[in-house]
Amino acid sequence: CETLRQVLESRSEVKCIEHDQLLNLVKTLYAQMYNLETTHRRTVPYISLDDIVVVNDAFAVFINDDKLFQINGIGQEETIDVTRAIGREDGAFYPPELSGDKIASLPYTVNVQCAYYSFGMMVAYCATLNPQLLMKSTAIQKLNLKKEGVLSSIEGTKLYWFILRCCASNPTKRTML
């Protein structure tokens, strides 16, 4: 049992998590996030490499309940009211919605799909170990993953399409399938 950061650091010679293994980790994390959203009406606005524990290289578990926020509304109108400060931490994947003047004062509201962007960027990083994707404390980047060729090593795979759907520039168009 190791954090995702520890798993990635131990694979520096491979430069990624193997495709089939990453698919399994994504499936287990997706199931957990889906259950949080649908059953418990909670979500996570952003994910960090230290928030996820990998068990036997087969299962991934989100462990940081400090990042859970209540979901308000129904359907396309689902939002999160962020009522406490979100610190900037290395190794986190922040959606664009968590930057700029919008978050200067509490509370503020973001679309539930901001979590999908963070999840997609985390998967892209695990698939490529591309340092462009790894956020450094205050940096929030908007990358066009398709145009910039960041995902060229996994182009056409299930993970590639999953990441593009999660990281759509319009938050209402993001989906985790």
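All figures in this text were calculated on a predicted structure; none of them were measured in a lab. These numbers come from the heavy atoms of this one structure, side chains and all, not from hydrogens, waters or symmetry mates.
Put simply, the side chain of L8 reaches to within 4.5 Å of the side chain of C126, judged on heavy atoms. Considering only heavy atoms from C-beta on, C166 stays 4.5 Å or farther from I163 through its side chain. At least one side-chain heavy atom of L164 sits under 4.5 Å from a side-chain heavy atom of L151. Contact annotation: the side chain of L29 approaches that of F62 to within less than 4.5 Å [non-hydrogen atoms, C-beta and beyond]. For the pair H40/N35, a side-chain contact is recorded, criterion being any heavy-atom separation below 4.5 Å from C-beta on. Side chains of I52 and V61 form no contact here, defined as non-hydrogen atoms less than 4.5 Å apart. Between R84 and F69, some side-chain heavy-atom pair lies under the 4.5 Å cut-off. In this structure, the side chains of C114 and Y46 stay at 4.5 Å or more apart for every pair of heavy atoms.
Residues E97 and R174 are paired through a salt bridge, judged by an N-O separation under 4.0 Å between the basic side chain and the carboxylate.
A donor-acceptor contact shorter than 3.5 Å links the side chain of Q6 to the backbone of T3. Looking only at distances, a side-chain donor or acceptor of S118 sits under 3.5 Å from a matching main-chain atom of F93. A donor-acceptor pair under 3.5 Å links the side-chain atoms of Q21 to the main chain of D57, judged by distance alone. Formation of a donor-acceptor pair under 3.5 Å by the D81 side chain with backbone atoms of T83 is not found in this model. Put simply, the side chain of T157 gets close to the backbone of I154: a donor and an acceptor are under 3.5 Å apart.
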CA sep, side-chain torsions, deciding dist, call: L4, M122, side chain to side chain contact (heavy atoms under 4.5 Å, CB included): CA-CA 10 Å; L4 185 55; M122 186 265 314; 3.4 Å; yes
Start with the C-alpha distance between L36 and T43, add both sets of side-chain angles, then the distance that settles side chain to side chain contact (heavy atoms under 4.5 Å, CB included), and finish with yes or no. CA-CA 6 Å; L36 280 170; T43 195; over 6 Å; no
List the steps, then state whether side chain to side chain contact (heavy atoms under 4.5 Å, CB included) holds for V7 with E2. CA-CA 6 Å; V7 169; E2 299 174 297; 3.6 Å; yes
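Residues V54 and I63 do not share a hydrophobic cluster, clusters being chains of Ile/Leu/Val/Met/Phe/Trp/Tyr side chains in contact below 4.5 Å. Both L68 and Y34 are members of a single hydrophobic cluster when ILVMFWY side chains are connected at heavy-atom separations under 4.5 Å. Linking Ile, Leu, Val, Met, Phe, Trp and Tyr residues whenever their side-chain heavy atoms come within less than 4.5 Å leaves V53 and I17 in two separate clusters. Hydrophobic clustering, with ILVMFWY side chains joined whenever heavy atoms are under 4.5 angstrom apart, groups Y125 together with W161.
Of the inter-residue distances, the one linking R165 atom CZ with T175 atom OG1 reads 7.0 Å to the nearest 0.5 angstrom. Put simply, CZ on R41 and CD1 on I71 are 5.0 Å apart, with the number rounded to the nearest 0.5 Å.
Between F119 and F162, the ring planes are perpendicular. Angles over 60° get that label, and only those under 30° would be called parallel.
In terms of heavy-atom proximity, L106 sits nearest to V82 at CD2-O, 3.6 Å. Taking every heavy atom of both residues into account, V44 and I47 meet most closely at CG1-CG1, 4.4 Å. The shortest non-hydrogen separation linking L25 to A58 is CD2-C, 3.8 Å. In plain terms, the two heavy atoms of V123 and L22 that are nearest each other are O-CD2, 3.9 Å. Here the closest heavy-atom approach between residue K67 and residue S48 is recorded as NZ-CB, 3.5 Å. E155 and Y160 make their closest contact through CA-CD1, 3.6 Å (heavy atoms, listed as atom of the first residue, atom of the second, distance).
Under the 3.5 Å distance criterion, with hydrogens and angles disregarded, a donor-acceptor pair is assigned to the side chains of N170 and T172.
By the 6.0 Å contact criterion, CZ on F59 is open, its count of non-hydrogen atoms from other residues, nucleotides or ligands being 12 or less.
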